[in-house]
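Ligands are counted one by one from 1 in listed order, and the atoms in each one are counted from 1 as well.
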Amino acid sequence: MRIDVISLFPEMLESAMSYGVTGRAIKQAILSLSIVNPRDFVSDVHQTVDGRPYGGGPGMVMQAPPLMQALGRIKAEHGRGYRVYLSPQGQRLDHRLVKKLSKKPHVVLLCGRYEGIDQRVIDDEIDLECSLGDFVLSGGEIAAMAVIDSIARLIPGTLGHDESAQYDSFATGLLDHPHFTRPETVTGKSVPTVLLGGNHQAIATYRHQQALGMTWLKRPDLFAKKALSEADLCLLNDFLKQYRN
Ligand SMILES: CC(C)(C)c1cccc(C(=O)NCC2(NC(=O)c3cccc4nocc34)CCCCC2)c1
């Protein structure tokens with residue numbers, strides 16, 4: 001899979017993407033990543049990539065020509081790609097959308113700065129606007145890093161066997177069960193006894209029940225996308241009884 005990012009701050013992306021899962025995916029050549037800087041496509045002495053907004057108002061807007069040329073360079077070298085503009089106006093990023101993007105052979109991520117980019121680039125060149133959430137960011141780069149990391153994990157071969165098994169839990173749409181590790185006692189509190197024994201079936205049931213309970217208490221909205229079996233409902237009921245006592 002290939003991802004091209006268009007950003008005025010390439011070093012932000014390069015450093016963040018050279019660690020962990022993404023760094024490994026690139027090293028294993030299952031992910032090709034390149035960062036293109038629109039500033040490389042302007043010839044004026046000040047290397048202007050932004051302009052004052054038509055209609056007045058505060059701040060600056062990223063101009064279309066450098067962005068169009070950056071898109072054109074990527075297209076000439078690697079093909080058009082599926083073009084995503086990271087934007088507060090965008091479709092909310094979730095596991096479903098990440099899965100969809102991870103199946104594309106080539107994705108181009110466009111990061112905004114200043115007050116945003118010229119609307120004509122969005123209207124004519126962008127396939128999808130995508131948002132990380134409802135908060136103010138200074139640029140789309142941090143959102144792009146989140147997209148790249150979540151996609152990289154889904155590319156076959158990126159995660160080792162044990163890791164991918166570990167992360168299937170969220171793929172089931174539930175929150176994670178609580179995690180514990182040594183020391184066994186922390187400020188006088190010990191680990192749930194079922195986890196200290198070797199009964200793998202009991203441990204799996206405990207973890208599933210905790211995931212159901214945590215999701216019910218913290219993110220009931222996730223159940224809207226997930227049907228619960230009779231067994232799940234019993235486990236959840238039992239969890240809530242214990243929780244209330
Ligand atoms: C949502 C809210 C609070 C109502 C809002 C309303 C209006 C503007 C912003 C905002 O933050 N403008 C700045 C800007 N943000 C982003 O790029 C951005 C923000 C949040 C999630 C994102 N996911 O991808 C990209 C994202 C970076 C500079 C270029 C213009 C976009 C926010």
Between Gln201 and Thr205, do the side chains contain an N or O donor and an N or O acceptor separated by less than 3.5 Å?
yes

To the nearest 0.5 Å, atom CD of Glu230 lies from atom CG of Leu235 at 11.5 Å

Discussion item. Is it true that Ser102 and Arg153 share a donor-acceptor pair across their side chains at a distance under 3.5 Å?
Written reply: no

Side chains of Leu128 and Gln91 in contact at under 4.5 Å (non-hydrogen atoms):
yes

Do Tyr54 and Val121 land in one hydrophobic cluster if side-chain heavy atoms of ILVMFWY residues count as linked below 4.5 Å? no

Tabulating one pair per line, provide the atom names and distances (0.1 Å) for every N/O atom of ligand 1 that is less than 3.5 Å from a protein N/O atom.
| unit_1 | atom_1 | unit_2 | atom_2 | d |
| --- | --- | --- | --- | --- |
| ligand 1 | 11 (O) | Leu137 | N | 3.0 |
| ligand 1 | 23 (N) | Leu132 | N | 2.9 |
| ligand 1 | 24 (O) | Ser87 | N | 3.4 |

Ring-plane angle category for Phe223 and Trp216, please: parallel below 30°, perpendicular beyond 60°, tilted otherwise. tilted

